Amino acid sequence: ASPRADEGTVVGTFDFSGLLVRVRHALERTGATRLVLDSVGTVLTRYDDAAVVRAELHRLIEELREVGVTAILTAERESEFGPISRFSVEEFVADNVILLRNVLDDERRRRTIEILKFRGTPHQKGQFPVTINGDGLHVVPLSAISLKQHSTDLRIPSGIEELDVMCGGGLFRDSVVLASGATGCGKTLLVSHFIAGAAARGEKSLLFAFEESREQLFRNAAGWGIDFAAFERDGLLRVDCAYPESAGLEDHLLRIQEGIAAYGPDRVAVDSLSALERISTERSFREFVLGLTSHIKNLDTAGLFTSTTAELFGGTSITEAHISTITDAIILLRYVERHGEVQRAITVLKMRGSTHDKRIRQFEIDAEGMHIGGSFQTIAGILAGAPVHMAAASAGDSVHDMPPPRV
């Protein structure tokens with residue numbers, strides 16, 4: 001049912017009697033068990049007296065209870081965070097109250113849902129991200145995420161033998177690794193080796209790229225001697241590229257989850273989180289990272305995320321600050337100015353559940369990829385971006401390499 005264009009003028013008293021008769025007749029005729037009144041707020045604009053509104057709402061709800069249907073009544077709000085309803089009585093007569101918001105925050109729209117009231121049962125508190133696509137409305141219930149992921153001692157190769165040594169024997173199968181560094185210092189190369197390490201074991205990888213196209217990724221990998229095209233032909237690789245601005249964070253998260261479910265990869269790489277960070281607010285980005293890492297860890301899948309620091313030498317990124325406590329391992333890639341040239345450095349800052357190499361080591365990139373060498377024993381302040389050259393260390397001060405990896 002919908003209103004006519006020529007509704008006319010109401011003279012005298014006005015109540016829900018006619019509407020209730022029509023509703024009951026329609027339910028009996030169709031045998032429906034669910035009813036939607038969209039929107040009851042439109043009907044309530046007929047009234048000026050809040051007491052009359054409350055009384056008529058009580059009549060409506062009692063009638064629906066007597067009929068035994070599940071009913072949803074929609075109503076408009078005058079502001080996102082103002083009064084719950086227009087007449088400030090609707091929420092009191094209803095059994096459950098669900099708030100939908102579409103807030104403008106820093107020139108970005110963010111949809112959320114909140115269960116304000118739910119009689120007779122406990123429920124999740126607070127606002128949760130919501131996205132709407134061709135399949136309908138999707139909610140990300142972050143408070144329902146639990147820390148019940150399985151843990152394993154199984155190690156997998158990173159694709160770089162010396163990096164496995166630095167990590168104490170390779171990466172854990174169920175770990176999420178963050179690779180952080182300035183632009184051009186080798187993060188995407190690290191992802192390429194990560195994928196190649198999986199392909200060498202006959203495992204599948206899924207790469208979500210937000211900064212480079214599929215053709216660029218394949219060309220760059222080929223320049224390092226890694227054949228993405230062959231991996232794809234063998235069914236060991238799938239690449240999904242999209243501009244961050246093409247959708248909201250919730251849509252990207254949903255697409256990643258659907259891609260993982262459809263392909264069933266052994267490894268997932270996201271390059272890079274920093275690109276997604278620029279299209280979101282601080283809160284929504286952290287919620288995205290939490291939902292993504294939780295989903296991957298629940299599947300016992302290895303994950304590798306990259307983030308870009310703002311400074312070329314040293315520094316940290318906001319991405320790194322948000323995700324550092326959630327990830328299992330952090331690998332830092334840095335530039336070092338030394339003897340009039342720019343060199344590259346790598347260190348394992350964090351490795352949960354395992355000892356790891358604490359040194360800051362040099363690495364080079366050539367046609368065969370990344371090659372990790374010795375440590376910067378005579379330079380301090382590399383991570384801070386202010387390297388200081390010190391006196392050369394004696395031979396007895398050198399740090400011995402760790403035992404070979406157990407892969």
Side-chain angles (χ1 to χ4, degrees), residues 1-24 26-27 32-65 67 69-120 123-141 248-251 281 283-284 287:
S2 60
R4 296 190 179 118
D6 53 340
E7 293 183 355
T9 303
V10 177
V11 179
T13 59
F14 180 77
D15 57 35
F16 275 2
S17 299
L19 175 63
L20 296 180
V21 171
R22 294 180 63 190
V23 168
R24 178 183 282 273
L27 292 173
T33 58
R34 299 189 181 194
L35 171 69
V36 177
L37 292 179
D38 183 24
S39 107
V40 69
T42 303
V43 181
L44 296 179
T45 56
R46 296 280 189 175
Y47 301 98
D48 296 325
D49 189 346
V52 176
V53 170
R54 190 179 186 111
E56 291 303 310
L57 277 175
H58 272 297
R59 286 186 61 197
L60 174 62
I61 291 176
E62 288 302 320
E63 179 77 11
L64 297 179
R65 285 200 181 105
V67 176
V69 297
T70 302
I72 289 182
L73 282 63
T74 68
E76 302 82 8
R77 302 178 65 193
E78 295 181 348
S79 62
E80 299 290 359
F81 294 98
I84 301 303
S85 55
R86 181 174 296 180
F87 293 93
S88 299
V89 296
E90 295 93 317
E91 66 268 26
F92 297 105
V93 297
D95 297 307
N96 314 312
V97 177
I98 299 174
L99 301 181
L100 296 171
R101 296 186 176 95
N102 189 16
V103 180
L104 179 63
D105 187 359
D106 194 20
E107 299 184 357
R108 298 180 179 91
R109 287 289 177 182
R110 181 172 182 266
R111 284 191 172 97
T112 63
I113 188 170
E114 178 184 1
I115 300 178
L116 182 67
K117 170 185 175 183
F118 205 83
R119 282 177 179 163
H123 57 86
Q124 302 292 334
K125 307 300 191 297
Q127 298 183 68
F128 303 102
V130 169
T131 183
I132 300 174
N133 59 18
D135 297 324
L137 185 144
H138 300 267
V139 184
V140 183
L249 275 187
E250 294 78 17
D251 298 289
T281 62
R283 177 176 178 178
S284 60
E287 290 173 345

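Note that the numbering runs from 1 along the sequence shown for the chain. The structure presented is a predicted model; accordingly, all values stated were derived computationally and were not measured.
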Heavy-atom pair with the smallest gap, counting every atom of Asn96 and Phe118: OD1-CA, 3.4 Å
Are more than 12 heavy atoms from other residues, nucleotides or ligands located less than 6.0 Å from atom CZ of Arg119? yes
Over all atoms of both residues, closest heavy-atom pair of Ala32 and Val69: O-CG1, 3.9 Å
Taking every heavy atom of Pro129 against every heavy atom of Arg110, the minimum-distance pair comes out as CG-NH2, 4.3 Å
Taking the side chain as C-beta and beyond, is there a heavy-atom pair between Asn102 and Glu80 under 4.5 Å? yes
With side-chain contact (heavy atoms from CB on, under 4.5 Å) as the criterion, how do Val23 and Val67 come out once you've worked through the C-alpha distance, each side chain's angles and the decisive distance to 0.1 Å? CA-CA 10 Å; Val23 168; Val67 176; over 6 Å; no
Would you sort out whether Gln124 and Val139 count as a side-chain contact (heavy atoms from CB on, under 4.5 Å), showing the intermediate values? CA-CA 12 Å; Gln124 302 292 334; Val139 184; over 6 Å; no
Could you pull out the closest heavy-atom pair between Glu250 and Thr131, with the gap in Å? CB-CB, 3.6 Å
Distance (rounded to the nearest 0.5 Å) between Leu64 CG and Leu37 CG: 6.5 Å
Derivation and outcome, side-chain contact (heavy atoms from CB on, under 4.5 Å), residues Leu60 and Leu20: CA-CA 7 Å; Leu60 174 62; Leu20 296 180; 3.4 Å; yes
Kindly give the heavy-atom pair with the smallest separation between Ile132 and Arg111, and that separation in Å. CD1-NE, 3.6 Å
Apply side-chain contact (heavy atoms from CB on, under 4.5 Å) to the pair Ile113 and Leu100, showing each step before the final yes or no. CA-CA 5 Å; Ile113 188 170; Leu100 296 171; 3.6 Å; yes
Distance col, row Asp251:CG vs His138:NE2, nearest 0.5 angstrom, shows 9.0 Å
If you compare all heavy atoms of Glu76 against all heavy atoms of Ser39, which two are closest, and at what distance to 0.1 Å? OE2-OG, 2.7 Å
Strictly distance-based, threshold 3.5 Å: is any side-chain N or O of Lys125 a donor or acceptor partner for the main-chain N or O of His123? yes
Is Glu63 salt-bridged to Arg59, going by a charged N under 4.0 Å from an acidic O? no
